[in-house]
Amino acid sequence: QFHPSRSLLRMAPSKKDKKKGRSAMKEVVTREYTIHLHKRVHGIAFKKRAPRAVKEIRKFATKTMGTSDVRVDVQLNKHIWSRGIRNVPCRVRVKLERKRNEDEDAAN
């Protein structure tokens with residue numbers, strides 16, 4: 001059984017702050033949000049609703065967490081698409097995590 005509160009978005013810290021020490025944006029944090037998808041896909045063509053919902057979740061995560069590296073969890077993606085391309089859930093409860101990127105060649 002899928003539960004929306006357990007869906008994850010994992011992201012790396014933003015590139016904006018390049019000061020000495022650790023800034024607030026570089027901190028590792030986890031927060032829960034309810035994203036109102038209905039108002040974000042209102043007026044969108046039926047065949048574009050689920051893809052637009054995923055893009056809107058990415059946009060929301062980028063804005064709230066201040067990072068460009070956003071990864072949507074498989075469970076969250078399946079939950080959005082669970083009712084088909086047209087009938088996107090009205091609201092989705094998500095857990096956003098900002099993590100450190102361990103890759104040496106990564107920008108973040």
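Just so you know, residue 1 is the first one in the sequence shown, and it goes up from there.
- Side-chain contact between R58 and V72 is present, with at least one heavy-atom pair separated by less than 4.5 Å.
- Between A50 and G84, the closest heavy-atom pair is CB-O, 4.2 Å.
- You'll find the side chain of L76 reaches within 4.5 Å of the side chain of V94, heavy atoms only.
- The shortest side-chain heavy-atom distance between S82 and N87 does not fall under the 4.5 Å cut-off.
- Here the NZ-CZ distance, from K39 to R91, works out to 9.5 Å after rounding to the nearest 0.5 Å.
- Between F60 and L96, some side-chain heavy-atom pair lies under the 4.5 Å cut-off.
- Ion pair R71/D69 flagged as a salt bridge, since at least one NZ, NE, NH1 or NH2 atom sits closer than 4.0 Å to an Asp/Glu carboxylate oxygen.
- Under the 4.5 Å side-chain criterion, counting only non-hydrogen atoms from C-beta, V92 is not in contact with T34.
- We find the NE2-CG distance between H79 and D73 to be 12.5 Å, quoted to the nearest 0.5 Å.
- Residues L37 and Y33 share a single hydrophobic cluster, defined by chaining ILVMFWY side chains whose heavy atoms lie under 4.5 Å apart.
- H36 NE2: more than 12 foreign heavy atoms inside a 6.0 Å radius.
- Residues T30 and K95 form a side-chain contact, since some pair of their non-hydrogen atoms from C-beta on lies under 4.5 Å apart.
- Proximity of I80 to I57: side-chain heavy atoms (C-beta onward) are separated by under 4.5 Å at one or more points.
- Side-chain atoms of R98 come within 3.5 Å of backbone atoms of M65 as a donor-acceptor pair (strictly under, hydrogens ignored).
- Separation of atoms CD1 (I35) and OG1 (T64) is listed at 7.5 Å; rounding is to 0.5 Å.
- Minimum interatomic distance between V70 and A61 (heavy atoms only, all atoms of both residues): CG1-CB, 3.9 Å.
- In this structure, E32 CD and E97 CD are separated by 10.0 Å, a value rounded to the nearest 0.5 Å.
- Here the straight-line distance linking atom CZ of R86 with atom NZ of K48 works out to 15.5 Å at 0.5 Å rounding.
- Annotation: R52, atom CZ; neighbour count of heavy atoms from other residues, nucleotides and ligands within 6.0 Å does not exceed 12.
- When side chains are defined from C-beta on, K59 does not count as touching R40, because their heavy atoms never get closer than 4.5 Å.
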